[in-house]
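Computation of the quantities below employed the complete heavy-atom set of this structure, encompassing side-chain atoms and omitting hydrogens, waters and symmetry-equivalent molecules. Order of the sequence lines fixes the chain letters, A, B, ..., with proteins taken first and strands second; residue numbering starts at 1 for each chain. Quick caveat: nothing in here was measured; it's all calculated off a predicted structure.
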Number of protein chains: 2
Amino acid sequence: MDERREPTMRDVAALARVSTKTVSRVINGLPGAGPEVVERVRAAARSLGYRPNLTASSLRRSDKRSATIGVLFEDLSNPFDSALLRAVEDRARQNGVLVLAGSSEDEPLLQRELLESLATRRVDGMVVMAVGGHQDALQQERERGTPMVLVDRPPTFGGTDSVTTTNRDSSREAVLQLADFGHRDIAFLGDRRTLWTSQERYTGYLEGLAHAGLKLREDLVRTDLKGPDAAERATAELLDRDPRPTALFTAQNLVTVGAMRVLRARDLHHRVALIGFDDFPLADMLQPGVTVVRQDVPALGRKAAELVFARIEGDTSPPVHAVVPASLVRRGSGEIRPH
Amino acid sequence: MDERREPTMRDVAALARVSTKTVSRVINGLPGAGPEVVERVRAAARSLGYRPNLTASSLRRSDKRSATIGVLFEDLSNPFDSALLRAVEDRARQNGVLVLAGSSEDEPLLQRELLESLATRRVDGMVVMAVGGHQDALQQERERGTPMVLVDRPPTFGGTDSVTTTNRDSSREAVLQLADFGHRDIAFLGDRRTLWTSQERYTGYLEGLAHAGLKLREDLVRTDLKGPDAAERATAELLDRDPRPTALFTAQNLVTVGAMRVLRARDLHHRVALIGFDDFPLADMLQPGVTVVRQDVPALGRKAAELVFARIEGDTSPPVHAVVPASLVRRGSGEIRPH
DNA sequence: TCCTCCTACGTCAACGTTGACGTAACCAGC
DNA sequence: GCTGGTTACGTCAACGTTGACGTAGGAGGA
């Protein structure tokens, strides 16, 4: 609109009749400026509406910090991702750090591009929910020395911190509870197999069956369900089998919703037990309430942020793999006994 | 970790035995470099793992673009906000622009600080969901010439683009539908009155009553409900009144959920009609399905992004107030007749 | 008194990049 | 052969800021 130039230190310096260096000192609160000069500079800055240029500053500073971190999640519109983003953001704010956010859509190519964009902007660190498959781009970035923390994924390469939840243990717990309630035919419905979390939850399912002395029925296992539609089809097929599974363990929230939809369509929601991994809003309002494994998303995000910041501050201790416990929330659907 | 310095143009130039200016030309794809030189520079850049420093570049460039926009919403973990963020992000990606995101928590002070942080980083533009109350900070920012678009809020000051949904018209439509189904005592439950959207939706409610020839019963109006707890209390009180409202119009999604919770607790969910403003996941899975006014969130975000980008490109046409139509999604709860 | 130390400034160059401008080499045309 | 234009480079300074270092003046001690 108007052709106004942002005022610079030089403008402030001229108005306050001091050198730019003195303005720099005042703005940064460094010693070496007398009280009157400080006041004069402050007044000049205020009257001009001066605001420091962080990009210029970080270019020159010795530490080169941009006070910005990058966050690369799969899909920011997913409640899990956005809750995580919010947690990271809150923690970042405490350090005066802002967050550059992007969605990788589980596309390696997109992840690579976003990574590049973040690097180009010289972020101080990154919190990444890695896409499935090979993670060369991530590893390269890490090897360049960029502080990086993986969330909801373990590193497939060395030297990197990560934060995950108790995928395997909590899945086992869920399956064991179903077994305790008398179920023998417990089906598994999982997300894309390339996702580490999917694999872990499946392993937990197997462990649960083993602990309960149940035999794995391969025909009750459905994986690679991407999105609610696939989940619905898989659920429908499972319910057509003979003998029909009397309980479902759905290993991802969209899968849970898809399965529920089918159970309700067939009026089986009060007869077939269901435990889902990952909580979702209104799970308690359905009939029956949906029993889920709830992840502590704020804790995940906070921990991830704390780890990056520690690395940014120069912490060089060995890489950490933090595990945040999840818990089983019993609401009814997981406490249905076989008929 | 390692004390590696990021390679610069100078390093590339030295290795390719050309001047930095030539490297600049090659990297930016500008003419004035012979084919062999281009190849030599590219090879050198690749072998050093060179990546341009966007902060230095934008400092020097004449347009001073940072290829970054700021997004300031109320709460990024709210599904509405995160869906909006995602839409803005998608549109931004098309322009090679990244998004700096922050939550203002409806706190004027926090908004001011975040605004400052964004300005300090010299973002090219901002998409802001303004906090309630006076918007001096926003206005000042706007007057400095920062391209800015308000989402889900109209500007309270001149010269600024905004994108909103049909709050008033859709609310009226919802109320009219309730009236058509025979309701005379239609309660209103709204969010904080400082929010423009709340006011608009309330006005729509009044218009609906007026069009239907219904008299406003002040005792059926509850506003300033912040969060689901307040909504629950208000709903409980309303249902205690005599005569009891036979229909509820809840003007915000958390309020809708709170109201539903109480209706269910009193087993009135099949007897009292309910229409909520703003859709939410699983609204269709409840019994009865929840009739809502659905906003076209992706369209809102896309439009907002397009407006900022137009301004960034130098569009100086008069400010636009874009309105994205919302639609009534009938799922059952809004189609209950008075008993 | 002189020397030392400290405080409150200022000067200069550099961070990594690009705009403005210079120049050498080459080609076309007369 | 000379002029004029084009191409492919290079040189230099500047973007806004800060680190390194310099200096004038005053305080303090022997």
*Asks:* Salt bridge check, Glu116(A) against Arg112(A): does any charged N sit closer than 4.0 Å to a carboxylate O?
*Replies:*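 Salt bridge absent between Arg112(A) and Glu116(A).
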*Asks:* With rounding to the nearest 0.5 Å, note down the distance linking CE in Met148(B) to CD1 in Ile312(B).
*Replies:*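 Separation between the atoms: 11.5 Å.
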*Asks:* Would you tell me whether Thr146(A) and Glu141(A) have side-chain atoms, one donor and one acceptor, within less than 3.5 Å of each other?
*Replies:*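 Side chains of Thr146(A) and Glu141(A): pair found under 3.5 Å.
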*Asks:* Taking atom CG of Asp11(B) and atom OH of Tyr50(B), what is their separation to the nearest 0.5 Å?
*Replies:*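 That separation rounds to 9.5 Å.
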*Asks:* For the atom pair CG (Asp81(A)) and OG (Ser77(B)), what is the distance rounded to the nearest 0.5 Å?
*Replies:*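 Interatomic distance, Asp81(A) CG to Ser77(B) OG, rounded to 0.5 Å: 12.5 Å.
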*Asks:* Would you mind checking if Asp106(A) and Arg192(A) are paired as a salt bridge, meaning a charged N to carboxylate O distance below 4.0 Å?
*Replies:*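 Yes, Arg192(A) and Asp106(A) are salt-bridged.
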*Asks:* Over all strands shown, is Thr22(B) touching base, sugar-phosphate only, or nothing at heavy-atom distances under 4.0 angstrom?
*Replies:*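 Sugar-phosphate, no base atom in range.
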*Asks:* Near DNA chain C, under 4.0 Å by heavy atom, which residues of residues 32-44 of chain A?
*Replies:*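 Those residues are Gly32(A), Ala33(A), Gly34(A), Val37(A).
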*Asks:* In chain order, what residues pass the side-chain contact (heavy atoms from CB on, under 4.5 Å) check against Asn53(A), with sequence neighbours excluded?
*Replies:*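 Asn53(A) satisfies side-chain contact (heavy atoms from CB on, under 4.5 Å) with Thr55(A), Ala56(A), Leu59(B), Arg122(B) only.
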*Asks:* Supply the atom-to-atom distance Arg65(B) CZ to Glu313(B) CD, rounded to the nearest 0.5 angstrom.
*Replies:*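 Atom-to-atom, Arg65(B):CZ and Glu313(B):CD are 5.0 Å apart.
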*Asks:* For every nucleotide of nucleotides 12-20 of chain C, 5' to 3': is a protein heavy atom under 4.0 Å from its base (B), only from its sugar-phosphate (S), or from neither (-)?
*Replies:* -BBBBBBBB
